[in-house]
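Heads up: the structure comes next, in structure tokens.
Per chain, numbering begins at 1; letters A, B, ... match sequence-line order.
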There are 2 protein chains.
Amino acid sequence: MARPTSKDVAHAAGVSQAAVSLVLGDKWRGRVSERTAQRVRATARELGYRPNLAARSLRLGTTRTALLVVPALTHDFFARVYTGAARIATTHDFGVVLYPSPEGIGPAKDPFASARTALDGVIASSMAAEALTAIRGADLPLVMLDSDPTDPTPAAHVNVDLADGMRQATEHLLTLGHRHFLHLAADVDSWTFHVRARALAETLSTTPDATARTAPAPLAVHEARAAAEHALTAPGPRPTAVICDDDIIAAGACKAARRLGLHIPHDLSITGFDDLTLATAVDPELTTIRLPAEHVGERGMEALLAVLDGRTPAHDPLPVELVVRDSTAPPPP
Amino acid sequence: MARPTSKDVAHAAGVSQAAVSLVLGDKWRGRVSERTAQRVRATARELGYRPNLAARSLRLGTTRTALLVVPALTHDFFARVYTGAARIATTHDFGVVLYPSPEGIGPAKDPFASARTALDGVIASSMAAEALTAIRGADLPLVMLDSDPTDPTPAAHVNVDLADGMRQATEHLLTLGHRHFLHLAADVDSWTFHVRARALAETLSTTPDATARTAPAPLAVHEARAAAEHALTAPGPRPTAVICDDDIIAAGACKAARRLGLHIPHDLSITGFDDLTLATAVDPELTTIRLPAEHVGERGMEALLAVLDGRTPAHDPLPVELVVRDSTAPPPP
DNA sequence: ACACCGAGGTTTTACGTATAACGTCTGCCG
DNA sequence: CGGCAGACGTTATACGTAAAACCTCGGTGT
């Protein structure tokens, strides 16, 4: 038999469709007798009834579904953001649908077509640039992750204290004695990375003899390795510490150092950012800045629920943490 | 204004709702004049009309949406499977919704509740064990990835020639001269890994003096490192080659070797499986078996579309490839 | 005696879409 | 001149659900 509807259940239980809807929707107190409710529930289970979600959301005008827009699935920061968002969502009978930025997928880059369902709101990383224009035009409640908090377009912002993270990383290296830095900056035009650059510059400005160069690097190990190798062999004094915008870039920098015969951390210190699983998979394990990824996801979902509820979400930035491992040491004498 | 409906468009364009539906659904040949069609399309664009997907799928009884069930998002094999599946899907006006196995997400482990939309079919990895029981009970078209092809429950299977992969890895090491092996087997009860174990045993059985031990290892770098360290320090002759069920385990094995003061590949050879991005992010880069991940996704989606279409999908296994890098060498003398 | 009420339901309606079934008008053939 | 076939639409309906509005009937307070 085809999938049973509430009408089928009603018929089998000898009641009206409305009664089924009331019972299964838990709105039957004082409207349906306990005995009838039992019978309806039993019949529904027996027939394997599952409500038609399309019909339900058509009726209710809501889907209790959020879209989570991320730049890439392989970047496990976002996998963790998803986990956090999904945890909060499920406790509020909400769903989360992922929209990974569609590199190489094909022509249909429409996040909404991809979601295949109506949406109640969107949570988006500022790194998923191409998807954002479509999203902004859809006047859905939008929560931005790590984007410029002064931008008034989104309904809410969730920010991590990235500036503090970059400051901590830099001061860690300054304290170790480093003065000549190379900043491998992610070649992505996103606020996340602009903040890092600014915080780095500000922190170094307090130490008169500190110098820094900057080189762009892609967010992929081998491409970052090439960029790092190029930057490290450029003319002029060689930096003693490399500050990377992301652990992926740092992993590339490590590979570059090894190819140049530099020992880490003895000859060259390297810091990452994000504390991905990659950070402890490579050798040496990376000194990095740990971001509360799951917490970001939780906050994002909470913020969206608050907005949908007419409340004002929290907006204080989440704290970060310096994790010192084996990729940093005092500079060579 | 609230989101416009087809009725709003119809009113604004001075036609009936049916005409709007015909024009926008591209079914207007000989039913609506070219001029009216133009006007309707212009009005729809002007109002920013987007069809209500809930209403559409209620009417049509289909959602053109597949659920892709994967064990974990961080495992980039599945990120690539998704990419392939999504590519095929978009060219057929289909959507793909991801359901990552819900470790740590919370109580609601129902894949269908999570999808928040009706589904036309499911593509599932055999590794997502907990989700599978729910899926099998839902009598939706099911395509299994890397599961036992003799299992008649799924409507279709997509298989990679894993046995051949394991055979190639093993023969590579045999050719290099290795005779004492350690097999770090993923501690997941899935066909994917059973096949590897069987193929390894069969391949070794052709070489009389080859010996192998097996130790289980979790699919996470540090846990695998611990397992590898334990297995490598066990009493008895030390193996000269470690065959891992997955690159993640191999990365852990590399870490273990380093802690034991063993140089790779000089003192110990290690092979991975899958050719994840991790395989070339670690040092030394891993000799591994490359699986056609995107192709698996494409095949999976094609198979599902075929099943929905009443056709019989292809079922020959996809070929794999040995990639020799820096983690394997002849055994020490 | 009668209005009133609550328990225990049922009937009806609306959500937005796609499409089958049904007009209407114009031109044209027999 | 009758009718008939496109061309160009419109009207009506169904999809499955949730919930508002309505009905019936046995008590109950006054």
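The stretch residues 13-23 of chain A touches DNA chain D through Q17(A), A18(A), S21(A), each having a heavy atom under 4.0 angstrom from the strand.
Rounded to a whole Å, the CG atom of D8(B) is 13 Å from the C1' atom of dC15(C). The CZ-C1' distance, from R59(B) to dT17(D), rounds to 17 Å in whole Å. When rounded to the nearest whole Å, the span between CH2 of W28(B) and C1' of dA7(D) equals 13 Å. Taking atom CG on D26(B) and atom C1' on dT19(C), their separation rounds to 15 Å, with Å as the unit. Put simply, CG on L58(B) is 9 Å from C1' on dC15(C), counting in whole angstrom units. L53(A) has its CG atom 18 Å from the P atom of dC15(D), to the nearest Å. Look at NZ on K27(A): it is 19 Å from P on dT10(C), rounded to the nearest Å. Here the C1' atom of nucleotide dT17(C) and the CZ atom of R50(B) are 16 Å apart, to the nearest Å.
Side-chain nitrogen and oxygen atoms of S33(A) include at least one within less than 4.0 Å of the OP1 or OP2 phosphate oxygen of dG9(C). Between R56(B) and dA18(C) there is a side-chain N or O to OP1 or OP2 distance below 4.0 Å. Distances shown here put a side-chain N or O of T36(B) below 4.0 Å from the OP1 or OP2 atom of dG9(D).
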Inset, instruction - Report the C-alpha separation of D120(B) and T62(B) in whole Å, then their side-chain angles, then the decisive distance to 0.1 Å, and conclude whether the side-chain hydrogen bond (donor to acceptor under 3.5 Å, both in side chains) test is met. - result: CA-CA 6 Å; D120(B) 288 350; T62(B) 179; 2.5 Å; yes
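Take the nearest nucleotide of DNA chain D for E34(B) and for A55(B): the residue whose nucleotide is more 5' is E34(B).
Between the side chain of R31(A) and the base of dG8(C) there is no donor-acceptor pair of N/O atoms closer than 3.5 Å.
As judged by a 4.0 angstrom heavy-atom cut-off over every strand, L60(A) is placed among residues touching the sugar-phosphate backbone only.
Side-chain contact between L24(B) and Y49(B): present, with at least one pair of heavy atoms (C-beta onward) separated by less than 4.5 Å.
In this structure, H194(A) places its NE2 atom where more than 12 heavy-atom neighbours from other residues, nucleotides or ligands lie under 6.0 Å away. More than 12 heavy atoms of other residues, nucleotides or ligands sit less than 6.0 Å from atom NE2 of H295(B).
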Which atom pairs, donor and acceptor, lie under 3.5 Å between side-chain atoms of residues 65-81 of chain A and protein residues at least two apart or in another chain?
| unit_1 | atom_1 | unit_2 | atom_2 | d |
| --- | --- | --- | --- | --- |
| T65(A) | OG1 | T63(A) | O | 2.9 |
| H75(A) | NE2 | D246(A) | OD2 | 2.9 |
| D76(A) | OD2 | T277(A) | N | 3.2 |
| D76(A) | OD2 | T277(A) | OG1 | 2.7 |
| R80(A) | NH1 | D275(A) | O | 3.3 |
| R80(A) | NH2 | D275(A) | O | 3.3 |

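At distances below 3.5 Å, not a single donor-acceptor pair connects side-chain atoms of D148(A) with backbone N or O atoms of W191(A).
Judged purely by distance below 3.5 Å, without hydrogens or angles, the side chains of S21(B) and S6(B) never pair a donor atom with an acceptor atom.
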